[in-house]
Each structure stands twice: as C-alpha cells, then as structure tokens.
Amino acid sequence: MTFSLHPAHDDDPHLAGLVDRLRDYLGGELADYERERGFTPGSRLTRADLEPVWHRSRELGFYGIHLPEQYGGQNLTYTQLAALKEEIGASGRVLAHSVLGDMGGPLRAGDILKHATEHQLTTYLLPLIRGERACCFSLTETDAGSDVRSMRTVAVPEGDGYRLTGHKVFSSAGPFADFAIVVARMAGTGEQAGDKPAFSAFLVDLDSPGCRVEDGATPMSGEHIESDIVLDGCHVPAANLLGEEGKGMRIALGRVTTNRLLHCPTVIGATRRALDLTLDRTRHRKAAGGQPLLALQAIQHKVADMATEFYAARSMTYAALAALDAGREVPAEAFMCKLFVAESSFRILDEAVQIHGKEGLTQGNEIEYLFRKIRMFRVLTGTSEIQRNGIAKLLAFSA
C-alpha cells in the first residue's frame, strides 16, 4: 500500500468505481442537501432530516452495500467496506454517517441477521435495511462501561414474554430509532458470589408501555445522536427474544474483532481530511516574512511526522483487514490497530490544531471539530488501556 491522501484503488476496479461514485455523492448531492438546510455537527437533527438520506443512499446502492446480495447488498469484502468507510470519514459531511447505514441502519444493527427469526426479519430487520425503520444498540449502563457484565438491567420471564427494567445510556442513533437491541441480565443469575450471570438480547419497540427515550449526554463532539433508554417493567413478547435465552452477550459481542477493526477506517478518513486541510493551509498561509508556512523547516518536520503516522496507521489497518478477508484470525492485530489508530490520529490532530493557530481553537473551524471528534476515539469502542490489556494478554498466552 502506497501513501496517498486520495487513494485510487487501481488494483480493484469495482472498488475504484464505488469510491468514485461515493465521492461524487458526498461532495455533490449530499453537500448541497446539507448546505440548503444549514446543517452543522452541532445541529439537532430529526428523523425527517435523515430519512431522505437513507432512501437516496439506498437508491444509489450504498445503504447496506456490505450485506449479502439476498438483502440488496453487494457482499463486500472487509477491505472494500473499509475503503468506503474511510471515504465517509474523509468527506467532512455532517450526514455521512447515514449513507452506509451507521446511524440507525444496517451497519448499526450489526451481525444479528443470522440470529433473527422470520418474524424478526420481516417486522424489524428487512424494513431497517430498506431505510423504513431504524434501530439503536443498548448495551452500556452508567456503571457498566468497559465491564459490560456488571449491567443491572434485568429481564424477568413472565407469561408469554419478559419484563425489562433498567437504564441504558449512550445509545447512539436513539433519537431517530424505532426499536432498540437491548441486552439484559436474566433475573436470578449473577446475584450470588460465584454465580455466573446469563444475558439475553431483545428487540424492544421504543414506543412500548414502560419504555422511555430520553435525551442522552452530549458528547464532546457536540453531536446530538445519543439517547438514554429507560425501561420500567417494559413488556417484551417472547417473539422478540433475539437468539437463544442466555446467549445475548455472545450476540452483543459477536464479531468483536471485526467490528473493532472496522471502526478504524472512519477515523483514518477523518484524519486524512485533517491532514489534507493542514497541508492546504501550510501551502497558502503566509508566515512572517511572506513565505508560506510550508517553507519553514519546523512546519516541514511536523507535516512529515503527521503523514508518516497516518501512513503507518492506514497500512496496518488494511493489512489486518486483508488477513481477515483471507480467513485468518487477527485478534492481536485488531487490538493493535484500534490502539495505534486512536493514539496516532489524536497526535496528528493535535499538531493540526497547532499549525492552524488560533483558527484551530475556534468553534466552527473544521479542524477544531475534528480534534474533539478524534479525541473521543481513544475512549469509545474500547479505551486505549483496554486495547493494551488485550494485546498483553494475547502476547502472554502465545509465549
């Protein structure tokens, strides 16, 4: 893989065509849609704002493109999907998260199609794939972040279903969702010392009695995309149990290695955007004496280091994805990629802010927003410390 801020994918003509079409849509029609409505990263978006993007993206073949052909997708490889996610991150579009289905769509639902019954497919997941319904994933609780097994949301079997009680936080896409994928501890398990808890996963309609969707905390990125899901004896029919009772954590954390890797390309894309903006500034911004910033050796060294770290992060991520496509197990590589991409991208954005000076500290400047957005990745989807723990454990096990 060679260094480029505008990869061409010449070795994969099909992917190259997809990337070209995606860039055209992101930079053309979608950019116009956002501009006409004055959307910014801090806008309070509504379902009505997102639905046209879901439907148009579906018409263009992007919404759910990674899925098997039987579900209207193109059965992409992980590498191909990653390349599209990178373009999403690099686009600078506010609504880019809705193009492939990250925001409540096929990518948000995760790998649950294989666990779904015919009823669940027909009622929930196929409409979601078509952009008719949306979902959020509700796993995290205030006292159950990295240690999700300490969750307190409980499911009590009752008659023809279950009663769910608990409080979920950080349910991304919650403000736009019709239903949630909720993981709860089965009542009577994990309550005594040494008693192993059992967890189940449920499809919960968010307009059900006993279920409330509340405004979630606003992350430092300023985006209003989170909700709390409050369950107060919410009845869920047995038909909405996803998979087997007691196997919910396996469903929730399934394909964790793959998902950990697939979070990286979007961040790489956003970092690519920041590096591109920074290089443009150094070429055109004049320093004292009238020279462009890039003529100064101090700036040259900064952008050289930024580009090198970007190349390393991107190369290791795509190498791991290629191995995954070849059928190999890559748990250590996934931990390493998540760690290195998060840490190196943050260092690159920190330098980007420095080079932009006061403009880089000003709200409304894209670099300032990207800095806040990228900083979050050192915590989200597993902190850097958790990644280091995983790497060390695997190294010890393989010794």
Side-chain angles (χ1 to χ4, degrees), residues 9 11-22 25 51 53-88 96-137 173 177-181 201 203 239-244 247-248 250-266 317-318 320-330 334:
H9 305 288
D11 57 335
D12 186 342
H14 177 62
L15 175 60
L18 290 177
V19 167
D20 285 344
R21 289 201 300 113
L22 182 58
Y25 175 54
E51 281 187 331
V53 182
W54 299 343
H55 298 157
R56 181 57 175 153
S57 298
R58 182 70 175 172
E59 290 175 1
L60 295 172
F62 295 122
Y63 201 73
I65 192 173
H66 67 293
L67 294 171
E69 292 181 4
Q70 70 190 90
Y71 298 119
Q74 296 190 24
N75 199 33
L76 298 185
T77 66
Y78 295 123
T79 300
Q80 290 171 328
L81 175 57
L84 298 185
K85 286 173 71 71
E86 181 182 337
E87 293 303 321
I88 291 292
H97 52 48
S98 293
V99 174
L100 300 180
D102 276 296
M103 190 52 62
L107 283 172
R108 176 61 56 185
D111 188 36
I112 65 172
L113 290 171
K114 65 183 180 183
H115 300 287
T117 64
E118 191 63 34
H119 162 73
Q120 292 166 355
L121 282 171
T122 301
T123 306
Y124 294 95
L125 301 180
L126 294 182
L128 178 144
I129 290 169
R130 293 192 297 265
E132 299 165 1
R133 303 198 73 185
C135 79
C136 62
F137 186 69
D178 302 288
F179 66 95
I181 303 165
L203 299 174
N240 285 24
L241 173 69
L242 189 60
E244 298 178 36
K247 303 295 184 182
R250 184 178 301 174
I251 294 172
L253 301 180
R255 284 183 65 202
V256 65
T257 293
T258 302
N259 290 337
R260 185 177 291 122
L261 267 176
L262 285 174
H263 282 300
C264 294
T266 308
T317 299
Y318 280 89
L321 288 163
L324 196 63
D325 280 327
R328 296 196 289 274
E329 299 289 333
V330 291

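This chain uses plain numbering: 1 for the first residue, then up along the sequence.
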Next on the checklist: So, using side chain to side chain contact (heavy atoms under 4.5 Å, CB included) as the criterion, who are the partners of Ala16 when residues are at least two apart?
Outcome noted: His9
Next on the checklist: Among residues at least two apart in sequence or on other chains, which ones pass side chain to side chain contact (heavy atoms under 4.5 Å, CB included) with Glu329?
Outcome noted: Pro331
Next on the checklist: Using a 3.5 Å distance criterion without hydrogens, assess whether the side chain of Asp102 forms a donor-acceptor pair with backbone atoms of Leu107.
Outcome noted: no
Item to check | Set of residues satisfying salt bridge (charged side-chain N to carboxylate O under 4.0 Å, His left out) with respect to Arg58, sequence neighbours excluded | outcome: none
Checklist entry - What pairs meet the salt bridge (charged side-chain N to carboxylate O under 4.0 Å, His left out) rule with one or both residues in residues 67-76, with sequence neighbours excluded? => result none
Item to check | Ala334: side chain to side chain contact (heavy atoms under 4.5 Å, CB included) partners, not counting sequence neighbours | outcome: Thr257, Arg260, Leu261
Item to check | Other residues, nucleotides, ligands: >12 heavy atoms within 6.0 Å of Arg250 CZ | outcome: no
Checklist entry - Mind checking what makes side chain to side chain contact (heavy atoms under 4.5 Å, CB included) contact with Arg56, not counting sequence neighbours? => result Tyr25, Glu29, Glu59, Leu60
Item to check | Test applied, side chain to side chain contact (heavy atoms under 4.5 Å, CB included); reference residue, Leu76; option that passes from Asp325, Ile65, Leu67, Leu15 | outcome: Ile65
Next on the checklist: I'd like to know if the side chain of His66 pairs up with that of Gln80 as donor and acceptor (distance under 3.5 Å, no hydrogens or angles considered).
Outcome noted: no
Checklist entry - Does any donor atom in the side chain of Tyr124 or Asn240 lie under 3.5 Å from an acceptor atom in the other side chain? => result yes
Checklist entry - Can you find a pair of side-chain heavy atoms, one from Tyr63 and one from Leu100, that are under 4.5 Å apart? => result no
